[in-house]
There are 2 protein chains.
Amino acid sequence: MSQGVEWALHTCLNLSWLDAPVPTSTLAAFYELPPAYLNKQLQALARAGILTSTSGPRGGFQLARTPAAISLLDIVAAIDGPEELFQCDQILRKGPGEHAGVDYRQSCAFAQAMRGADLAWRRELAGKTVADVRADVERGHPEAPANTRARIVELR
Amino acid sequence: MSQGVEWALHTCLNLSWLDAPVPTSTLAAFYELPPAYLNKQLQALARAGILTSTSGPRGGFQLARTPAAISLLDIVAAIDGPEELFQCDQILRKGPGEHAGVDYRQSCAFAQAMRGADLAWRRELAGKTVADVRADVERGHPEAPANTRARIVELR
DNA sequence: GGTTCCTAGACACTAGATGTCCAGAATCAT
DNA sequence: ATGATTCTGGACATCTAGTGTCTAGGAACC
């Protein structure tokens, strides 16, 4: 899993406490991240429909939907792509037997087993939303929303 | 997931149909894999206790335990290492608040959620053994064991 | 003693992830 | 209109991990 996933997750959580666009520079300063690179991840989130972007002064990024409608899987897929964890290279085609027209990504027993595990992973991620995580955080740190909002204003 | 996992999975399956050591060169020829590199993966499997190796003429690798005692997770972990899919970099340490002595790999809500998904993935892989996969294959292709044994002899 | 084979490490190559930079377009304030 | 702010898209450089090769050494067999 790439580093950008962690940045995207925390940035989405922070944005869930805000209701106005926040520019990349501010979001990057929050965790001392490289602004230009974070911007790439934010663009990916925007392309995936998780964030909306607005240009110009007072512009920036904000959540495109309610936090309850954004799963961790949405964010992971937006950053790391939709590929499965295990990529079947169909080495069976190089083995003995007849291979014409056989797609071993479907028929290979290992590919099927790995896909099953992949689906279990995705099911977990799809079942957890940004709203869930936010609730977890607020349970342990009720001051987190106010602190985050204050810090964002301070960094603008 | 690295390429070597697929090689290791199929090689272990093939070895499950054999009862004598098979040298790297033969196993590599089976799927037209680079022998020197496949040997690295086999060494990793041997270090993990999945294979045993014997030197000298008529030496090679064979399964160290019965196929029912080798899970797909064992093989994946032997090749790709024991690290979790999501590596928490604790970017929260760079955010506002007090961080002395806090391990965000444990306390961060995202890290916890990602670990939950990781465990679901591992549970699936741990629940599927080489024996299970072998049974699946033999159900669809009863000739597979004989074919594999013949090919191995042919390639020696 | 020679052959076969594994072991361990050094080394090179490659692809992808990480990070930077810039020209252009959109938006807003004056 | 003009300038300032910000996003967009792409080119580019760098760094790391995966992939692959090679060689010297040791173990086992004949």
Side-chain angles (χ1 to χ4, degrees), chain A residues 1-8 11 15 18 20-29 31-64 76 78-83 85-87 89 91 152 155-156, chain B residues 1-8 11 15 20-29 31-64 76 78-87 89 91 152 155-156:
Chain A
M1 308 239 29
S2 73
Q3 177 75 41
V5 170
E6 187 175 1
W7 302 3
T11 299
L15 286 175
L18 274 33
V22 184
T24 299
S25 56
T26 303
L27 295 169
Y31 293 121
E32 301 177 23
L33 304 175
Y37 193 34
L38 175 63
N39 180 259
K40 275 195 168 177
Q41 323 288 358
L42 298 177
Q43 282 186 44
L45 292 171
R47 270 191 296 271
I50 295 169
L51 302 183
T52 58
S53 61
T54 53
S55 288
R58 313 299 293 179
F61 294 89
Q62 58 188 324
L63 292 189
V76 168
I79 301 296
D80 270 6
E83 302 81 26
L85 297 175
F86 175 80
Q87 291 288 73
D89 250 329
I91 71 172
I152 289 286
L155 292 172
R156 273 212 70 107
Chain B
M1 306 237 32
S2 73
Q3 178 74 41
V5 170
E6 188 176 1
W7 303 4
T11 299
L15 287 175
V22 183
T24 298
S25 56
T26 304
L27 294 169
Y31 294 121
E32 303 178 22
L33 304 175
Y37 192 34
L38 175 63
N39 180 259
K40 274 194 169 178
Q41 322 289 357
L42 298 178
Q43 282 186 45
L45 292 171
R47 271 191 296 271
I50 296 169
L51 302 182
T52 58
S53 62
T54 53
S55 289
R58 312 299 293 179
F61 294 89
Q62 56 189 325
L63 292 190
V76 168
I79 301 297
D80 270 6
E83 301 81 24
E84 297 179 15
L85 298 174
F86 175 81
Q87 292 287 77
D89 250 329
I91 71 172
I152 288 286
L155 292 172
R156 272 211 74 105

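Below, chains carry the letters A, B, ... as their sequence lines are ordered, and counting in each starts from 1.
Distance, A:Glu32 CD to C:dG19 C1': 17 Å, rounded to whole Å. Regarding A:Leu38, its CG atom lies at a distance of 15 Å from the C1' atom of C:dA17, rounded to whole Å.
Note on A:Gln43: a side-chain N or O is less than 4.0 Å away from OP1 or OP2 of D:dG9. Between B:Thr24 and the phosphate of C:dC6, there is a side-chain N or O to OP1/OP2 separation shorter than 4.0 Å. For B:Arg47, a side-chain nitrogen or oxygen approaches OP1 or OP2 of C:dA8 to under 4.0 Å. In terms of phosphate contacts, A:Arg156 brings a side-chain nitrogen or oxygen within less than 4.0 Å of OP1 or OP2 of D:dT6. Residue A:Ser2 has a polar side-chain atom (N or O) positioned under 4.0 Å from OP1 or OP2 of C:dT18. Within the structure, a side-chain polar atom (N or O) of B:Ser53 is placed less than 4.0 Å from OP1 or OP2 of C:dT7.
Across all strands, A:Ser25 comes closer than 4.0 Å to no nucleic acid atom at all (heavy-atom distances).
Where B:Pro57 and A:Pro57 each meet DNA chain C at their nearest nucleotide, the meeting point lying more 5' is that of B:Pro57. Comparing A:Gly56 and B:Lys40 by the nucleotide of DNA chain C whose heavy atom lies nearest to each, the residue mapping closer to the 5' end is B:Lys40. Toward the 5′ end of DNA chain D lies the nearest nucleotide of B:Met1, the other residue of the pair B:Ser55 and B:Met1 mapping further downstream.
If you check C:dT18, D:dT8, D:dT21 against the side chain of A:Phe61, the one that comes closest is D:dT8. Distances were taken from every side-chain heavy atom of A:Ala36 (C-beta onward) to each of C:dT20, D:dG20, D:dA4; the shortest belongs to C:dT20. Among the nucleotides D:dT19, D:dG20, D:dA11, the one closest to the side chain of B:Gln3 is D:dT19.
To the nearest 0.5 angstrom, B:Gln41 atom CD is 11.5 Å from B:Glu6 atom CD. Within the model, atoms CD1 of B:Ile79 and CH2 of B:Trp7 stand 10.0 Å from one another, a figure rounded to the nearest 0.5 Å.
A heavy-atom distance below 4.5 Å is not found between the side chains of A:Leu155 and A:Val22. The shortest side-chain heavy-atom distance between A:Leu42 and A:Ser53 does not fall under the 4.5 Å cut-off.
If you run side-chain contact (heavy atoms from CB on, under 4.5 Å) between B:Phe61 and each of B:Thr52, B:Asn39, B:Thr11, B:Thr54, only B:Asn39 comes through.
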